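In what follows, chains are A, B, ... by sequence order, proteins preceding strands, each numbered from 1. Just so we're clear, the structure is a prediction, and the values are computed from it rather than from any experiment.
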Amino acid sequence: MTIRLTNTKTRRKEVFEPINRDRVQIYVCGPTVYDRAHIGNARPVVVFDTLFRLMRHVYGADSVVYARNFTDVDDKINARAAETGRPIRDITDETIRWYHEDMDALGALRPTHEPRATEYIGAMITMIEGLIESGHAYAAAGHVLFRVRSYQDYGALSGRSVDDMIAGARVEVAPYKEDPMDFVLWKPSDEGVPGWDSPWGYGRPGWHIECSAMSYELLGESFDIHGGGLDLQFPHHENEIAQSCCAHPHGSFARVWMHNEMLQVEGKKMSKSLGNFFTVRDLLEQGYPGEVIRMVYLGTHYGKPMDWTHEKAVQAEGTLRKIALFLNEDMLTKPMVDWRYARPTDDVVEALSNDLNTSLALTYIHKYLKERNELALVGSLTLLGLNPEIIREKFLSFSFGIADNGFAKKTSLSSWGSSEVNLQRIEELGIRLDTLRLSAMETKDFSKVDAMKTALLAAGVEVRMSKAGVELMPGPGFDASKLEALD
RNA sequence: GGCGGGUUGGCGGAGAGGUUACGCAGCGGAUUGCAAAUCCGUGAAGACCGGUUCGAUUCCGGUACCCGCCUCCA
């Protein structure tokens with residue numbers, strides 16, 4: 001299987017050829033841990049999780065190393081600590097825990113390594129020392145700065161020239177800088193701000209150096225793929241390249257750079273002032289299941305801006321429900337298959353291999369559902385990070401009916417946006433409605449049946465009647481309290 | 001001001017230089033006490049202007065509009 005990926009560095013789609021097939025290495029910039037991840041933060045998580053899954057499928061699960069860092073030293077964290085009076089470590093530990101909870105809900109696998117910046121301060125200092133020795137950095141006024149002019153290819157990734165950027169005149173000019181574009185590798189810390197002893201005094205690292213140091217420590221001077229959001233392309237990734245390539249001139253650093261486009265909400269940039277700012281937790285609490293969120297994300301290619309809309313979530317939810325309905329069919333209507341034999345199809349693997357065409361992959365999901373090809377469906381869903389077992393349980397919502405053989409069909413669970421469903425209550429109602437209906441068939445007087453149906457609909461319960469019996473399904477607007485009126 | 005991306009049917013969203021994307025919604029039919037669900041069928045597109053070509057929605061150029069980054073938000 002040939003994997004092709006769009007390499008930001010060359011602006012082309014290229015055939016992916018790992019440095020070492022037994023150890024494919026990916027590094028992705030992770031979050032600064034001072035608050036809940038918003039839904040924009042989640043996009044690279046889902047995108048690169050999908051890449052991780054594809055690589056594991058193609059090269060073997062043990063042959064892929066995926067590192068994603070936690071930035072746990074940052075002025076935003078310091079500010080949060082100052083506001084709340086809480087210790088920094090409390091804040092970062094808690095935020096990391098939240099991050100894991102929220103990203104787990106989106107079906108993202110934990111990366112192989114999740115290094116915290118504060119655990120690599122020594123490696124950063126070593127790297128900075130090397131850069132000073134080789135003339136790529138200089139100490140000034142308690143700071144250490146990277147000498148941008150010393151790296152000829154600076155700006156190559158983002159397609160900018162140093163001179164153009166200075167002409168744009170938006171750079172911070174500090175008196176201790178040789179050149180306005182030079183950026184901070186190390187800066188002094190005052191009392192009460194986290195800091196470490198260093199050759200340049202008590203201080204803390206600049207933002208960019210951590211990724212260079214951690215990727216070197218975990219993956220070496222050359223690795224396969226570096227990913228992140230497009231907004232990181234400049235300056236963060238540009239600076240990473242400058243640091244790493246100057247510190248390790250014999251390595252290639254990342255061979256492929258991948259950037260996901262930004263996320264919008266209802267057609268607009270997500271921002272607190274517009275009131276369209278959501279964390280992943282917000283969505284989960286509003287009742288959008290993680291699987292729905294993931295499916296919406298997979299619907300748009302990572303290289304294009306993605307719009308988060310409620311409408312898309314509703315559609316994704318509908319698809320997941322259909323899948324759940326199919327997976328829950330019993331042996332009377334569907335041959336039994338052993339999911340252990342489920343594999344993603346070549347079509348799906350090929351779609352993902354073509355620069356992560358998740359949208360195309362989803363069309364195959366629809367196809368397998370339509371064809372009732374359970375093994376292809378289950379295997380392909382799994383590769384996409386949509387767990388069939390969870391879908392089967394979570395999206396069935398509720399279904400009650402009388403099977404052809406006269407036995408009551410099962411079962412269970414809550415649906416999005418609705419409170420826990422009282423199964424017994426629904427079942428009773430289903431039986432009562434079924435009884436009423438059977439007698440109405442005799443008398444041809446359906447008034448009582450219709451009245452009950454209307455009441456159920458008003459409570460947000462879908463009512464389906466067929467030859468086989470009655471099915472009740474609490475939908476998104478389910479309101480248990482309205483069922484009381486039925487007594 | 002500099003750099004980059006986008007513009008596809010009612011909506012969402014792909015691939016491919018010439019043949020049906022797909023999903024949702026719509027419409028027609030089957031089924032149904034009614035309805036829902038389901039199944040079958042079906043219409044509908046490629047911002048604008050030029051160029052290359054036997055042929056472009058797909059390649060190239062220009063115009064318009066939208067968006068992002070350049071301000072340690074992915």
Side-chain angles (χ1 to χ4, degrees), chain A residues 8 11 28-32 34-35 37-48 71 74-76 155 158-161 163-172 183-184 206-208 227-239 259-264 267-272 277 295-296 298-307 309 311-312 314-316 318-319 321-322 325-326 351 354 357-367 369-370 399 401 437 440-447 449-450 453-454 456-457 461-468 470-473 475:
Chain A
T8 313
R11 289 161 212 286
V28 173
C29 290
T32 300
Y34 67 103
D35 206 350
H38 63 248
I39 61 175
N41 297 114
R43 169 113 108 140
V45 173
V46 172
V47 167
F48 293 107
T71 299
D74 182 277
D75 287 348
K76 285 196 293 288
S158 51
R160 299 150 199 258
S161 79
D163 292 324
D164 285 350
M165 285 185 279
I166 291 172
R170 291 236 194 156
V171 290
E172 179 201 355
F183 59 89
V184 170
W207 174 36
H208 316 294
L230 189 61
D231 58 333
L232 291 180
Q233 186 183 35
F234 186 89
H236 183 56
H237 290 160
E238 200 72 70
N239 292 353
H259 290 98
N260 61 277
E261 251 288 1
M262 301 292 103
L263 178 141
Q264 299 181 306
K268 295 196 170 120
K269 179 180 162 125
M270 182 168 69
S271 72
K272 286 175 179 162
F277 183 95
M295 189 168 249
V296 169
L298 295 179
T300 302
H301 186 263
Y302 77 87
K304 287 196 172 182
M306 194 206 92
D307 198 13
T309 64
E311 178 60 26
K312 285 183 178 180
V314 169
Q315 287 193 14
T319 302
R321 254 184 210 228
K322 279 190 199 170
L325 224 46
F326 170 61
N354 185 9
N357 194 338
T358 49
S359 178
L360 185 61
L362 286 181
T363 69
Y364 290 115
I365 295 296
H366 283 113
K367 182 170 173 241
L369 179 61
K370 189 174 176 142
S399 168
R437 183 164 163 272
M441 304 271 250
E442 303 287 324
T443 63
K444 302 292 174 199
D445 174 12
F446 289 93
S447 57
V449 179
D450 287 339
K453 190 177 95 179
T454 305
L456 285 165
L457 291 173
V461 182
E462 266 184 34
V463 179
R464 296 180 196 164
M465 293 180 265
S466 66
K467 272 176 275 181
V470 171
E471 276 186 287
L472 300 182
M473 294 184 65

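At a threshold of 4.5 Å between non-hydrogen side-chain atoms, the residues A/C29 and A/H237 count as touching. In this structure the side chain of A/S359 never reaches within 4.5 angstrom of the side chain of A/H301, judged on heavy atoms.
Checking B/G15, B/A74, B/G13 against the side-chain heavy atoms of A/S359 singles out B/G13 as nearest. For A/H366, the listed nucleotide lying nearest its side chain is B/C22; candidates were B/A74, B/G12, B/C22. Residue A/Q264 has its side chain nearest to B/C67 when only B/C67, B/C22, B/A74 are considered. The side chain of A/T300 has B/A14 as its nearest neighbour among B/C22, B/A14, B/C67. Listed nucleotides: B/C72, B/A74, B/G13. Nearest to the side chain of A/W207: B/C72.
Here the separation of B/C24 from B/C39, taken at their P atoms, is 9 Å to the nearest Å. The same atom, C1', is picked in B/U8 and in B/G15; the two are 12 Å apart, to the nearest Å. Between B/G26 and B/A64, the two C1' atoms lie 32 Å apart (nearest whole Å). To the nearest whole angstrom, the two C1' atoms, one in B/U53 and one in B/C59, are 10 Å apart.
No hydrogens or angles considered: a donor-acceptor pair under 3.5 Å links the side chains of A/D445 and A/S447.
Here the CG atom belonging to A/D35 is positioned 10.5 Å from the NZ atom belonging to A/K76, to the nearest 0.5 angstrom. With rounding to the nearest 0.5 angstrom, the CG atom of A/D231 is 9.5 Å from the CD atom of A/Q233. Annotation: the span from A/I39 atom CD1 to A/M306 atom CE amounts to 6.5 Å, rounded to 0.5 Å. Rounding to the nearest 0.5 Å gives a distance of 11.0 Å between CG of A/L232 and CG of A/N239.
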Produce the list of close N/O pairs, under 3.5 Å, pairing protein atoms with atoms of nucleotides 4-8 of chain B; give distances to one decimal.
{"residue": "B/U7", "atom": "OP1", "partner": "A/K304", "partner atom": "NZ", "Å": "3.4"}

Give me the distances for all protein-to-nucleotides 28-38 of chain B N/O pairs that come in under 3.5 Å?
{"residue": "B/G33", "atom": "N1", "partner": "A/D450", "partner atom": "OD1", "Å": "3.0"}
{"residue": "B/G33", "atom": "N2", "partner": "A/D450", "partner atom": "OD1", "Å": "3.2"}
{"residue": "B/G33", "atom": "N2", "partner": "A/D450", "partner atom": "OD2", "Å": "2.7"}
{"residue": "B/C34", "atom": "O2", "partner": "A/K453", "partner atom": "NZ", "Å": "2.7"}
{"residue": "B/C34", "atom": "N3", "partner": "A/K453", "partner atom": "NZ", "Å": "3.2"}
{"residue": "B/A35", "atom": "N6", "partner": "A/M465", "partner atom": "O", "Å": "2.2"}
{"residue": "B/A35", "atom": "N1", "partner": "A/M465", "partner atom": "N", "Å": "2.9"}

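Rounding to whole angstrom units, CG of residue A/N239 and P of B/C72 are separated by 11 Å. Taking atom CG of residue A/D307 and atom C1' of nucleotide B/C24, one finds them 16 Å apart after rounding to whole Å. Spacing between atom CZ of A/F234 and atom P of B/U71 amounts to 6 Å, rounded to whole angstrom units. Between the CD atom of A/E238 and the P atom of B/C3 there is a distance of 15 Å, given to the nearest Å.
Closest of all the heavy-atom pairs between A/G227 and A/F48 is CA-CZ, 3.5 Å. Across all non-hydrogen atoms, the minimal contact from A/T358 to A/T300 is OG1-O, 3.9 Å. Residues A/R43 and A/M262 come closest through the heavy atom pair NH2-O, 3.2 Å. Across all non-hydrogen atoms, the minimal contact from A/M270 to A/F277 is CG-CA, 3.5 Å.
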* Asked: Given pairs defined as Watson-Crick or G-U wobble with both distances under 3.5 Å, what dot-bracket annotation applies to RNA chain B, with ( ) intrastrand, [ ] crossing, | other strand and . unpaired?
  -> (((((((..(((.....[...))).(((((.......)))))....(((((..]....))))))))))))....
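Where A/H301 and A/G30 meet RNA chain B, the nucleotide closest to each residue was compared, and A/H301 sits on the side nearer the 5' end.
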